[in-house]
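The structure presented is a predicted model; accordingly, all values stated were derived computationally and were not measured.
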Amino acid sequence: MTYNNNYSREDILRIAKEENVRFIRLQFTDLMGSIKNVEIPFSQLEKALDNKMMFDGSSIEGYVRIEESDMYLYPDLDTWVIFPWVTESKVARLICDIYMPDGNPFAGDPRAILKNALKQAEEMGYTAMNVGPEPEFFLFKTDDKGNPTTELNDQGGYFDLAPMDLGENCRRDIVLTLEEMGFEIEASHHEVAPGQHEIDFKYADAIKAADQIQTFKLVVKTVARQHGLHATFMPKPLFGMNGSGMHCHQSLFKGDVNVFYEESDKLGLSTVARQYMAGVLRHARSFAAITNPTVNSYKRLVPGYEAPCYVAWSASNRSPMIRIPASRGLSTRVEVRNPDPAANPYLALAVMLAAGLDGIKNKMQLPPPTDRNIYVMSEEERESQGIPSLPLNLKQALDELLRDDVICDTLGEHALAHFYELKEIEWDMYRTQVHQWERDQYLSLY
């Protein structure tokens, strides 16, 4: 569950001094998935490495009340990295776990919630959950004040090159920056919609993968701004175009053995893999509030735009929620396609893992694959084959979340209560707002 750098306290102090690092950002993630940080000068680094840096948790979304606000930042030493885009007054970063004054992990820390889910996997004999995320994003032009517009900077399509793909230089600089920060980039390309891009990085264990998603978002937005562009991970910024997903390829390991692979099986899938998939499908409607956490998320999950909206699986078809990529052996994996990049990656991986583990524990039976295009099936056909839809909106997703003890227990009482409260407010604000579409439809008609 750690990075491969294996930095010691002494290593970090030495590197910081040698590289003349002036400031260190102690970074963590709030319940909604936003990156937060406390910036300290180099003179305070030793104190931070001794886990003695305190901050006010009452001012962070979904954390604690003002009367219990003191919290401590415990840096994960293996997340040390110097930001390559700052040349003067160098800045480094450490990702932190959140602890209470009594020395216990904070129950509402998303990173701690994922670690707890991984502990359950370890208790079942699984030493690692490997994750290969594919977060997509859009690049938009900014106005003369630097504010984002919805004007695209290219008219490219899937795998297009310049001159159609005018985001190519920005994307290349993002890749170079990520590589300087230790990412192993596997592919970088224009996505289906104009202005849409994808950069794939090598799989990692779940904690590192979630850390990398957060770092990736930070780098993408920073480099885009340097190019005079605004990068957004909003799931569906434009009507009539594909939205942005964050497909999550996942597998379980025992030591060096991928337990999802079975050579004798026709699809190369083990019983464990099938039970894991059955669990993910069983709990999909319940964890959608976490993997697709915004009002806008459900504008993406509609037929016709390559986003999955039906709870099914296939080894060849891209319309179901779960797909099995062709690679086998160590690379055998399950691709869960419904998550979007607005999700808090720690929570999203925790609930998907918990769903899969529940499938294994209860030896759930995987339904038959759906190799037809589900988008062209009638509602009656889908019902006859037992293919439910994902929730149609955030309110449905929140209702489903509360009905599922496995997912609720994974989040824990504190995180669940705060998440639900914040998302209920979001839904009510959206529900009671009068939108431009309504004025266009009804103002003259009635």
Side-chain angles (χ1 to χ4, degrees), residues 1-16 19 21 23-31 33-42 44-55 57 60 63 71-84 90-122 127-131 133 178 180-184 201-219 344-350 353 412 415:
M1 294 197 315
T2 56
Y3 287 50
N4 296 322
N5 302 325
N6 294 320
Y7 287 119
S8 68
R9 182 179 181 281
E10 290 66 33
D11 290 333
I12 289 171
L13 288 168
R14 176 180 51 78
I15 293 166
E19 295 290 334
V21 171
F23 297 96
I24 298 92
R25 288 185 188 171
L26 304 178
Q27 184 181 302
F28 58 99
T29 297
D30 74 10
L31 208 52
S34 297
I35 298 171
K36 304 292 181 183
N37 67 81
V38 176
E39 189 165 272
I40 60 169
F42 171 75
Q44 296 296 302
L45 179 56
E46 283 197 60
K47 181 180 176 182
L49 295 174
D50 290 337
N51 301 330
K52 291 180 180 175
M53 289 303 301
M54 207 169 11
F55 75 103
I60 303 299
Y63 270 36
M71 293 182 164
Y72 286 86
L73 295 161
Y74 282 32
D76 182 336
L77 304 191
D78 293 331
T79 65
W80 167 265
V81 69
I82 299 171
F83 290 135
K90 281 188 182 176
V91 179
R93 183 284 312 270
L94 283 163
I95 293 175
C96 300
D97 294 305
I98 311 299
Y99 278 73
M100 302 301 288
D102 63 6
N104 287 315
F106 169 49
D109 177 13
R111 210 168 184 256
I113 290 168
L114 177 54
K115 285 185 173 182
N116 287 337
L118 290 165
K119 275 181 198 163
Q120 289 186 30
E122 284 172 19
T127 54
M129 176 201 195
N130 280 348
V131 180
L178 289 167
E180 278 189 69
M181 295 177 73
F183 280 69
E184 190 173 330
F201 39 94
K202 189 177 179 183
Y203 70 87
D205 66 78
I207 291 289
K208 182 176 180 181
D211 288 346
Q212 285 186 325
I213 290 167
Q214 294 298 76
T215 303
F216 176 81
K217 288 180 180 178
L218 183 65
V219 170
N344 181 323
Y346 302 99
L347 298 184
L349 295 183
L353 174 59

Looking at [Y], is its backbone amide N or carbonyl O close enough to the side chain of [X] to form a donor-acceptor pair, meaning the two atoms are under 3.5 Å apart?
{"X": "Asp78", "Y": "Tyr7", "answer": "yes"}
{"X": "Asn37", "Y": "Arg25", "answer": "no"}
{"X": "Gln214", "Y": "Gly33", "answer": "yes"}

Carboxylate-amine/guanidinium contact Arg111 Asp211, below 4.0 Å
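Salt bridge: yes.
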Ion pair present between Asp109 and Lys115, side-chain N to carboxylate O less than 4.0 angstrom?
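Lys115 and Asp109: not salt-bridged.
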Would you call the rings of Tyr99 and Tyr74 parallel, tilted or perpendicular if under 30° counts as parallel and over 60° as perpendicular?
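It falls in the parallel class, under 30°.
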Side chain to side chain contact (heavy atoms under 4.5 Å, CB included) between Asp205 and Val131, worked out
CA-CA 6 Å; Asp205 66 78; Val131 180; over 6 Å; no
For the [atom1] atom of [X] and the [atom2] atom of [Y], what is their distance to the nearest 0.5 Å?
{"X": "Tyr203", "Y": "Glu184", "atom1": "OH", "atom2": "CD", "answer": "9.0 Å"}
{"X": "Leu26", "Y": "Thr79", "atom1": "CG", "atom2": "OG1", "answer": "9.5 Å"}
{"X": "Ile35", "Y": "Arg93", "atom1": "CD1", "atom2": "CZ", "answer": "8.5 Å"}
{"X": "Gln212", "Y": "Met181", "atom1": "CD", "atom2": "CE", "answer": "10.0 Å"}
{"X": "Phe23", "Y": "Leu45", "atom1": "CZ", "atom2": "CG", "answer": "13.0 Å"}

Does the gap between the ring centers of Phe55 and Phe28 come in under 6.0 Å?
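Yes, the ring centres sit under 6.0 Å apart.
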Starting from the C-alpha separation in whole Å, work towards a yes-or-no answer on side chain to side chain contact (heavy atoms under 4.5 Å, CB included) for Met71 and Met54.
CA-CA 5 Å; Met71 293 182 164; Met54 207 169 11; 5.8 Å; no
Evaluation steps, side chain to side chain contact (heavy atoms under 4.5 Å, CB included), between Asp76 and Leu94:
CA-CA 6 Å; Asp76 182 336; Leu94 283 163; over 6 Å; no
Name of the residue among Leu49, Ile24, Val21 meeting side-chain contact (heavy atoms from CB on, under 4.5 Å) with Ile12:
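Checked Leu49, Ile24, Val21 against Ile12; only one passes side-chain contact (heavy atoms from CB on, under 4.5 Å): Leu49.
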For Phe106, which of Ile113, Asp97, Ile98 qualifies under side-chain contact (heavy atoms from CB on, under 4.5 Å)?
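Going through Ile113, Asp97, Ile98 one by one, the side-chain contact (heavy atoms from CB on, under 4.5 Å) with Phe106 is satisfied by Ile98 alone.
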Could you walk me through whether Glu46 and Lys52 satisfy the salt bridge (Lys or Arg N to Asp or Glu O under 4.0 Å) test, starting with their C-alpha distance in whole Å, then the side-chain angles of each, then the deciding distance to 0.1 Å, before giving a yes or no?
CA-CA 9 Å; Glu46 283 197 60; Lys52 291 180 180 175; over 6 Å; no
State, with a plain yes or no, whether a side-chain heavy atom of Lys36 is found less than 4.5 Å away from one of Gln27.
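Not in contact.
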If we only count heavy atoms from C-beta on, is the Thr215 to Ile213 side-chain gap below 4.5 Å?
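They are not in side-chain contact.
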With Ser8 via side-chain hydrogen bond (donor to acceptor under 3.5 Å, both in side chains) - residues at least two apart:
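Scan of Ser8 (side-chain hydrogen bond (donor to acceptor under 3.5 Å, both in side chains), adjacent residues dropped) gives Asp11.
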Might you work through the side chain to side chain contact (heavy atoms under 4.5 Å, CB included) test for Phe83 and Leu218, ending with a clear yes or no?
CA-CA 11 Å; Phe83 290 135; Leu218 183 65; 4.0 Å; yes
